[in-house]
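Below, read A as the first sequence line, B as the second, and so on, with proteins coming before strands; counting in each chain starts at 1.
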Number of protein chains: 2
Amino acid sequence: MEDVAKLAGVSISTVSHVVNETRPVAATTRDRVLAAIETTGYTGNAIARSLVTGGTKSIGVAMSLLANPHLPQLLHAIEAEATAAGYTVLLGDTLDTEDGERAAVRKLQARRVDGMLLTPAPGDTSTLEQLARTGVPAVLVDRVSHKIKLDQVGPENIQSTSTLVQHLAAAGHRRIAFISGVEWMSASEERTLGYRLGLGRAGLRWDSNLVAGGGATHEDGVLAMRRLLTVPERPTAVISGNGAMTAGAYREARAHGLDIGRDMAIVGHDDVDWAELVTPAITTMTHPVDEIGRTAVRLLLARLDDPERPPETTLLHPTLIHRGSCGCA
Amino acid sequence: MEDVAKLAGVSISTVSHVVNETRPVAATTRDRVLAAIETTGYTGNAIARSLVTGGTKSIGVAMSLLANPHLPQLLHAIEAEATAAGYTVLLGDTLDTEDGERAAVRKLQARRVDGMLLTPAPGDTSTLEQLARTGVPAVLVDRVSHKIKLDQVGPENIQSTSTLVQHLAAAGHRRIAFISGVEWMSASEERTLGYRLGLGRAGLRWDSNLVAGGGATHEDGVLAMRRLLTVPERPTAVISGNGAMTAGAYREARAHGLDIGRDMAIVGHDDVDWAELVTPAITTMTHPVDEIGRTAVRLLLARLDDPERPPETTLLHPTLIHRGSCGCA
DNA sequence: ATGGTTCCCGCAAGCGTTTGCTCAGACGAG
DNA sequence: CTCGTCTGAGCAAACGCTTGCGGGAACCAT
């Protein structure tokens, strides 16, 4: 910067003002400075800037890099939105454990990020408290909970699952089963709730035999489907609580010789990338992942702008992607 | 920090030395400082530290967040290895375009990362030159090129494709086709090379009718397979150049009523997550993604440690995941 | 001419750490 | 008792930038 100033024949403060457009500079002077910057290849030192301004223009993203099925899309959306606002993204892997989360958050804090996007690990609370205590603005992504007074963004689960039920009911199904997710996740609870809600709206009765699960993996889906196929008056349609389990259920149904779409309708949540590669392609509720990412960043920036604004929870509605596995049409 | 010093009744320089263990401090003094740190809740300011030390203990990762099929695994490995060494990961999305790449690299440089991991966008060179010019240590990940004098890590393509050919030949196939990737990627060239090499080793003749492609998407795979199915004396086995095309080829073959594994063997590269969800499951060469990520970080750290060491290119060998789609067994 | 405005721009004080120098005191040896 | 050695700790100068304050030149109206 000193070199630039010297080359342009001005003081470094003028260079600073030119770079930041922080006070009017005579056109000719500005041009000279700009030229000097060009020839010296000067790149501002964000570190030094941060030291004096107090902000780092960076946000931390703490989530499980492996457990999130939408990570690429989500990160892409976050990165784009952040970059557009002049922010950089720092990564922290929570490993989906309390300890990992604590470590990730600490690390990000030590880096003095201006704010954080966090997908909390199961069972956690202490980290959230620490966040609140240290006053680092944060918004919770994807795993939403009403008992927390923080900004949050996530998919809407109740109505969307209900939609799934109603869609199947409209196609004539009367025995609609549900493969539920792991219990500690509020998303699972909500989807289960939505299932019941949908049944009610469709005028169908809840039958505990038609609910299987409590898992999240491919294998869990296999087992759940296996069990559902043994219940008397077996279901003609199955709704799966998450992407991986949908795959397992799908395989298992086919392994039993069922023609998916005809003998058995299968629909799921989470639009995984292979959903349309299998035959029949899977009908799912697809999450507005991009929108979630962007909204999260926007919420964070809004809070950075006005720390006093009341916490806000945004639920984004999944949309039904109608493909072959539900058998209608 | 000043508060800590005051509270402990020492100078801030002593506090610094206690924190960094950078010079012996009398036990009693140290204890007092430590206690003071505890009660004040002091957390070192990484920003200020960076300003004076010149290093940021951070590395930039510049790649296409969307185009890389292994992003989660790769990022996870990178993050873990970096964190273990006390480094933080900054993200930059190249969008897989020259402009995006340039912007990402610039941004990361402005953040003064100590080094970068880069998956270069197609056709790029200018960014690499700039990197070299500005002297920011970098290692190229996944997309390797021999004409570049930088540290590089990526999958080995020639031998591994050859292995695929030989595997099929050993199962009795004589008409083995190849769906090649896009031309500008060195990985594609290498795989094509490996295909020819494998043919040679298996004592088979190269037949230009059996090479289709020049793409990367699902649709490209569909078209390539469609064409292959029209050649006289049609192939009994197909090797696909990348994951998405494998899916397309698979679908198209099945759409033609072929029983994959019996009528037609299909094997591919890139072990995508749905490879074992389809029936028959797909035999593929799976890339050692974790290893690639870890190695990349290690290479970078080594260079940070000794900037003068000669550039090194590490090729990691994919391994054959034997599943049903090749029909042998 | 002269006082008052307006425009531009330079000065210098930090921002929170690290670190080379320096120094005071304690202790042994001569 | 003096001097050389250590050990332990403080001083102050950077690091590269932002920004409040102040000053000089040019211009206008009187």
Side-chain angles (χ1 to χ4, degrees), chain A residues 1-37 40-58 86-88 107-114 134-136, chain B residues 1-37 40-58 86 88 106-114 134-136:
Chain A
M1 191 164 187
E2 199 181 326
D3 298 342
V4 175
K6 205 156 292 175
L7 211 167
V10 298
S11 72
I12 66 170
S13 64
T14 298
V15 175
S16 171
H17 288 302
V18 168
V19 172
N20 305 325
E21 299 182 343
T22 176
R23 108 177 152 189
V25 172
T28 74
T29 312
R30 179 183 19 245
D31 290 346
R32 249 182 311 136
V33 173
L34 257 18
I37 286 180
T40 56
Y42 166 79
T43 330
N45 183 329
I47 301 295
R49 186 197 325 270
S50 291
L51 184 56
V52 31
T53 60
T56 55
K57 286 289 183 182
S58 68
Y87 283 73
T88 299
K107 170 169 123 173
L108 259 14
Q109 285 191 154
R111 294 285 176 177
R112 292 294 193 270
V113 292
D114 289 341
T134 55
V136 178
Chain B
M1 192 163 187
E2 196 181 328
D3 298 342
V4 175
K6 206 156 291 175
L7 212 167
V10 298
S11 71
I12 65 171
S13 63
T14 298
V15 175
S16 172
H17 285 120
V18 167
V19 172
N20 305 325
E21 300 183 343
T22 174
R23 105 178 154 188
V25 173
T28 73
T29 313
R30 181 187 11 251
D31 290 348
R32 249 181 313 134
V33 173
L34 257 18
I37 286 180
T40 56
Y42 165 80
T43 329
N45 183 329
I47 301 295
R49 187 196 324 270
S50 291
L51 184 56
V52 32
T53 59
T56 55
K57 286 289 183 183
S58 68
T88 300
R106 249 206 239 300
K107 171 169 123 175
L108 259 14
Q109 284 191 153
R111 293 289 179 178
R112 292 297 191 268
V113 293
D114 289 342
T134 55
V136 178

Notebook entry, point to check: So what does B:T29 hit on the nucleic acid, given a heavy-atom distance under 4.0 Å: a base, only sugar-phosphate, or nothing?
Noted result: sugar-phosphate

Notebook entry, point to check: Can you name the nearest heavy-atom pair linking A:G55 to A:D114, along with the distance?
Noted result: CA-OD1, 3.5 Å

Check: Of A:P24 and A:S13, whose closest DNA chain C nucleotide lies nearer the 5' terminus?
Finding: A:P24

Margin query: Ignoring hydrogens, what is the shortest heavy-atom contact between B:I12 and B:M1? Give both atom names and the distance.
Written below: O-CE, 3.6 Å

Checklist line | Over all atoms of both residues, closest heavy-atom pair of B:A48 and A:L51 | finding: CB-CD1, 3.7 Å

Notebook entry, point to check: Closest nucleotide of DNA chain D for B:G9 versus for A:H17: which of these residues is on the 5' side?
Noted result: B:G9

Item checked: Polar contact flag, side-chain donor to acceptor under 3.5 angstrom, B:Q109-B:T134 -> yes

Next item on the list: Please state how far atom CG in B:L51 lies from atom P in D:dG16, giving the value in whole angstrom units.
Entry: 7 Å

Next item on the list: Establish, with yes or no, whether the OP1 or OP2 oxygen of D:dC15 is under 4.0 angstrom from a side-chain nitrogen or oxygen of A:N45.
Entry: no

Notebook entry, point to check: Any donor-acceptor pair under 3.5 Å joining the side chain of B:R23 to the base of D:dG10?
Noted result: yes

Check: Closest approach of A:V10 and A:T29, non-hydrogen atoms and distance?
Finding: CG1-CG2, 3.7 Å

Notebook entry, point to check: According to a strict under-4.0 Å criterion, is B:T14 in side-chain N/O contact with OP1 or OP2 of D:dG10?
Noted result: yes

Note to self: Under 4.0 Å from a heavy atom of chain A: give me the 5'-most and 3'-most nucleotides of DNA chain C that qualify.
What the structure shows: C:dC8 to C:dG16

Notebook entry, point to check: Rounded to the nearest Å, what distance is computed from the CD1 atom of residue B:I12 to the P atom of nucleotide D:dC11?
Noted result: 10 Å

Notebook entry, point to check: Atom CD1 in B:I47, atom CZ in A:R111: separation rounded to 0.5 Å?
Noted result: 8.5 Å

